[in-house]
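Heads up: the structure comes next, in structure tokens.
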Amino acid sequence: MSHPPRRDGPVLLTIGAGGALGSAARWALAHVAPSAPGHVPWATFGVNVSGCLALGVLMVLVVDVWPPRRFVRPFLGVGVLGGYTTFSTYALETRSLLVDGRPGLAAAYLLGSLLAGLLAVWVALTLTRALVVRTRRAHRRHRGDGA
């Protein structure tokens, strides 16, 4: 059995702290909007789609905007958003819809969540990149560097 190198300890703690925050947020939302058996689990759907949206924004900021930082991506991406989104619950809820005799609803939930998540990432990437480009142009104009 191998052990992680000692230098990875702070990163693992950072991921754990972010995961605790993300999981607590998801837990709170699931309690605010619980789903009844045999119905669409809207809380999980909303968590996963909003998590995909946030991940798209984060990836643009981490890759294109912010200077490299050791703990930003592990804390926000892997930790917070990894704990917040729940694709295992999504799979379990899809199975529950099938067991409850709702195969059409299970298929709609399965495909709808996937498509909505992919669309959310694309929208977030597109809008965030456009906002970054616009902001950089405005800063150049303000400094007199030309447009």
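Below, each value reflects all heavy atoms present in this structure, side chains not excepted, and no hydrogens, waters or symmetry copies. Small disclaimer: the values here were computed from a predicted structure and weren't measured.
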Are L127 and W122 connected, step by step, through hydrophobic side chains (Ile, Leu, Val, Met, Phe, Trp, Tyr) whose heavy atoms are closer than 4.5 Å? yes

Are W27 and L21 in one and the same hydrophobic cluster, where Ile, Leu, Val, Met, Phe, Trp and Tyr link if side-chain heavy atoms are under 4.5 Å apart? no

Could you give the distance from CG (L55) to OG1 (T85), rounded to the nearest 0.5 Å? 8.0 Å

Distance-only check: which donor-acceptor pairs under 3.5 Å involve side-chain atoms of residues 68-77, not counting sequence neighbours?
{"from": "R70", "atom 1": "NH2", "to": "R7", "atom 2": "O", "distance (Å)": "2.5"}

Find out if a path of hydrophobic residues (ILVMFWY) with successive side-chain heavy-atom gaps under 4.5 Å connects V57 to V65. yes

Mark yes or no for whether Y90, through its side chain, and S113, through its backbone, hold a donor-acceptor pair below 3.5 Å. no

Give a yes or no on this: more than 12 heavy atoms of other residues, nucleotides or ligands lie within 6.0 Å of atom CZ of R136. yes

In a table with atom names and distances, give each donor-acceptor pair under 3.5 Å that connects a side chain of residues 36-53 to protein atoms at least two apart or in another chain.
{"from": "H39", "atom 1": "ND1", "to": "P37", "atom 2": "O", "distance (Å)": "3.2"}
{"from": "T44", "atom 1": "OG1", "to": "E93", "atom 2": "OE1", "distance (Å)": "3.0"}
{"from": "T44", "atom 1": "OG1", "to": "E93", "atom 2": "OE2", "distance (Å)": "3.0"}
{"from": "N48", "atom 1": "OD1", "to": "T86", "atom 2": "N", "distance (Å)": "2.8"}
{"from": "N48", "atom 1": "ND2", "to": "T86", "atom 2": "O", "distance (Å)": "3.3"}
{"from": "S50", "atom 1": "OG", "to": "G46", "atom 2": "O", "distance (Å)": "2.8"}
{"from": "S50", "atom 1": "OG", "to": "V47", "atom 2": "O", "distance (Å)": "3.2"}
{"from": "S50", "atom 1": "OG", "to": "Y84", "atom 2": "OH", "distance (Å)": "2.8"}

With rounding to the nearest 0.5 angstrom, report the CG to CZ distance, L98 to R102. 11.0 Å

Using a 4.5 Å cut-off on heavy atoms from C-beta on, say whether the side chain of H139 contacts that of H142. no

If hydrophobic clusters are built from ILVMFWY residues whose side chains come within less than 4.5 Å, do L92 and F87 share one? no

Under 4.5 Å between side-chain heavy atoms, hopping through other hydrophobics if needed: is there a path connecting Y109 to L118? yes

When rounded to the nearest 0.5 angstrom, what distance separates CG in L111 from OG1 in T94? 9.5 Å

A quick test of your reading: do over 12 heavy atoms of other residues, nucleotides or ligands sit less than 6.0 Å from NE2 of H31? yes

Return each pair, listed once, that meets salt bridge (charged side-chain N to carboxylate O under 4.0 Å, His left out) where at least one residue sits in residues 10-28; pairs must be two or more places apart or across chains. none

Could you tell me the separation between the CG atom of L110 and the CG atom of L105, rounded to the nearest 0.5 Å? 11.0 Å

